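Quick notes on the structure that follows.
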Amino acid sequence: MPTTAPHRTPLLSESSQEVVRATAAVVAANAEAITARFYPSMLAAHPELRRVFNMGNQATGEQSRALAASVVAYAVQLINPDAPPFDHVLRRIAHKHISLGIRPDQYTIVGRHLLAAVGEVLGDAVTPEVTAAWDEVYWLFATQLIAEEARLYHLAGVDPAVPVRPYRVVRRVQETAEVVSLVLEPADGQPLPAVLPGQYVSVFADLPDGSRQPRQYTVSSSRSGTRLQITVRRVRGRDGAPDGQVSSFLHDHVARTQPHRQVVVAHADRTAADHALRDAVLRTGAELDEFTALAWYEQPEPGDTTSREGFMDLSEVPLPEGVQVFTCGPLPFMRQVRATLLARGVPASAIRYEVFGPDLWGAAPEPAQPVPRQEVHQERVAV
Ligand SMILES: Cc1cc2nc3c(=O)[nH]c(=O)nc-3n(C[C@H](O)[C@H](O)[C@H](O)COP(=O)(O)OP(=O)(O)OC[C@H]3O[C@@H](n4cnc5c(N)ncnc54)[C@H](O)[C@@H]3O)c2cc1C
Ligand code: HEM
């Protein structure tokens, strides 16, 4: 049976093919400079995108290289029918984009800033024809990505307008000193999505400085069918570079989102009226499964049967196994608390502190001292 040789319909217009053929090498040579200029200008004009892009990559320049390389490779395969297949690259980018909730309208922002950066870096070499040809390349690439991303959002049953779901950390397993596994459960009451072997998820961490940062983590288990597990290695900064932002955060702060963890808050004050944030702490504690609030007042209200009278005394308070203690208050007071806990067998490494005043803990003498009455005003222990 006669057949025709398979061929691909050229996507790029003939005039643009010529221009791309003539300029691909110069764009490739300047691609890194172009994207290095593109990101700061786009992120300055759209600071909301700082919550979508990985700022660690921005600091190290890694994303600049990835975007530049993919645009040039895409242009080359448009003008060269013998170029290696590009589909797998396109799919990889689309997967990354949907994991981050990228939307079609954002392609207009990226395109505008990318083409402006091309003009700035290449200067006079950029004639209107050159701009038009690279604009066409960009939008062909964008159109294919948008289509593939729409398909993937559909398959995953995800509405790109609401791509992120809240999860809570229900368990934390310290695998090694530097690796922790976090078991995550949907906090919206909806079922867990289907998870394929080797699949990764983007975790958006709300960091203490108010920024939000995404990072990808491979799902290390979804056996239960209701929970996802990710396993995170703590990234340490080398040669003066800062420690990894999100991995450090996940190692150090997840405790906040473990509702099943046993929590004891102990507070000492002059009177109940002086007890700052008492109601807020009780409200937050009410959301936890196992929460105990203890209070010591120098002058309890008449008829107050739940608080204790006098200074804080932790010698009788039940302590869970593997207790982690956070203390804050004046230094002599914390020495007292620490001494009591050490005497009860809590390891020093499990006791953290925040001094209300200059941080002299390191220089402080170890033995417990009587607590001056006037200094016992506030302290919390969260277990
Ligand atoms: C598909 C995929 C799957 C992944 N799966 C896993 C996984 O299962 N488990 C896992 O642990 N990780 C995984 N990762 C890596 C993970 O996404 C993060 O990249 C990793 O946790 C580091 O993030 P971070 O925020 O801690 O580090 P970042 O803050 O992003 O820092 C990254 C690096 O940049 C350096 N750096 C940051 N700022 C600067 C600066 N100003 N100057 C110089 N250097 C700087 C840091 O020192 C560090 O070495 C995966 C990544 C991908 C893409
Ligand atoms: C034609 C247009 C685009 C191209 C060619 C492109 C290309 C790429 C490439 C090659 C990667 C790296 C993929 C990997 O890690 O394997 C990437 C990642 C990413 N892209 Fe795009 N992209 C485009 C549009 C967009 C748009 C519109 C947005 C939304 C603002 C976006 C946001 C991101 C983000 C956030 C990442 C993750 C990397 C990081 O955070 O540093 N991209 N893109």
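Indexing begins at 1, ligand by ligand and atom by atom, following the structure's order. Computed from a predicted model, the values in this text were never measured in an experiment.
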Checklist entry - Backbone N or O of Ser315 within a donor-acceptor pair of the Thr340 side chain at under 3.5 Å? => result no
Checklist entry - Does a sphere of radius 6.0 Å around CD in Gln174 hold more than 12 heavy atoms from other residues, nucleotides or ligands, not counting ones at 6.0 Å or beyond? => result yes
Distances for all N or O pairs of ligand 2 and the protein under 3.5 Å?
from: ligand 2; atom 1: 15 (O); to: Lys96; atom 2: NZ; distance (Å): 2.7
from: ligand 2; atom 1: 16 (O); to: Arg92; atom 2: NE; distance (Å): 2.4
from: ligand 2; atom 1: 16 (O); to: Arg92; atom 2: NH2; distance (Å): 2.9
from: ligand 2; atom 1: 20 (N); to: His97; atom 2: NE2; distance (Å): 2.9
from: ligand 2; atom 1: 22 (N); to: His97; atom 2: NE2; distance (Å): 3.0
from: ligand 2; atom 1: 40 (O); to: Asn54; atom 2: N; distance (Å): 2.8
from: ligand 2; atom 1: 41 (O); to: Asn57; atom 2: ND2; distance (Å): 3.1
from: ligand 2; atom 1: 42 (N); to: His97; atom 2: NE2; distance (Å): 2.8
from: ligand 2; atom 1: 43 (N); to: His97; atom 2: NE2; distance (Å): 3.0

Next on the checklist: Taking the basic N atoms (NZ, or NE/NH1/NH2) and the acidic carboxylate oxygens, is any pair closer than 4.0 Å for Glu149 and Arg103?
Outcome noted: no
Next on the checklist: Salt bridge check, Glu148 against Arg151: does any charged N sit closer than 4.0 Å to a carboxylate O?
Outcome noted: yes
Item to check | Pairs involving residues 118-136, ordered by first then second residue, that meet side chain to side chain donor-acceptor pair (under 3.5 Å) (sequence neighbours left out) | outcome: Ser13-Glu136, Ser16-Glu136, Thr23-Trp134, Arg37-Glu120, Thr127-Glu129
Checklist entry - Heavy-atom count around Arg165 CZ within 6.0 Å, excluding the residue itself: above 12? => result yes
Next on the checklist: List the protein residues in contact with ligand 1, where contact means a heavy-atom separation under 4.0 angstrom.
Outcome noted: Asn54, Gly56, Ala59, Thr60, Tyr200, Arg215, Gln216, Tyr217, Thr218, Thr231, Val232, Arg233, Val235, Gly237, Ala241, Pro242, Gly244, Gln245, Val246, Ser247
Checklist entry - Would Arg234 and Asp252 pass as an ion pair if we require N to O under 4.0 Å? => result yes
Checklist outcome for this item: Asp87 meets the salt bridge (charged side-chain N to carboxylate O under 4.0 Å, His left out) criterion, sequence neighbours left out, with none
Item to check | Shared hydrophobic cluster, Val179 / Phe249 (ILVMFWY, side-chain heavy atoms < 4.5 Å) | outcome: no
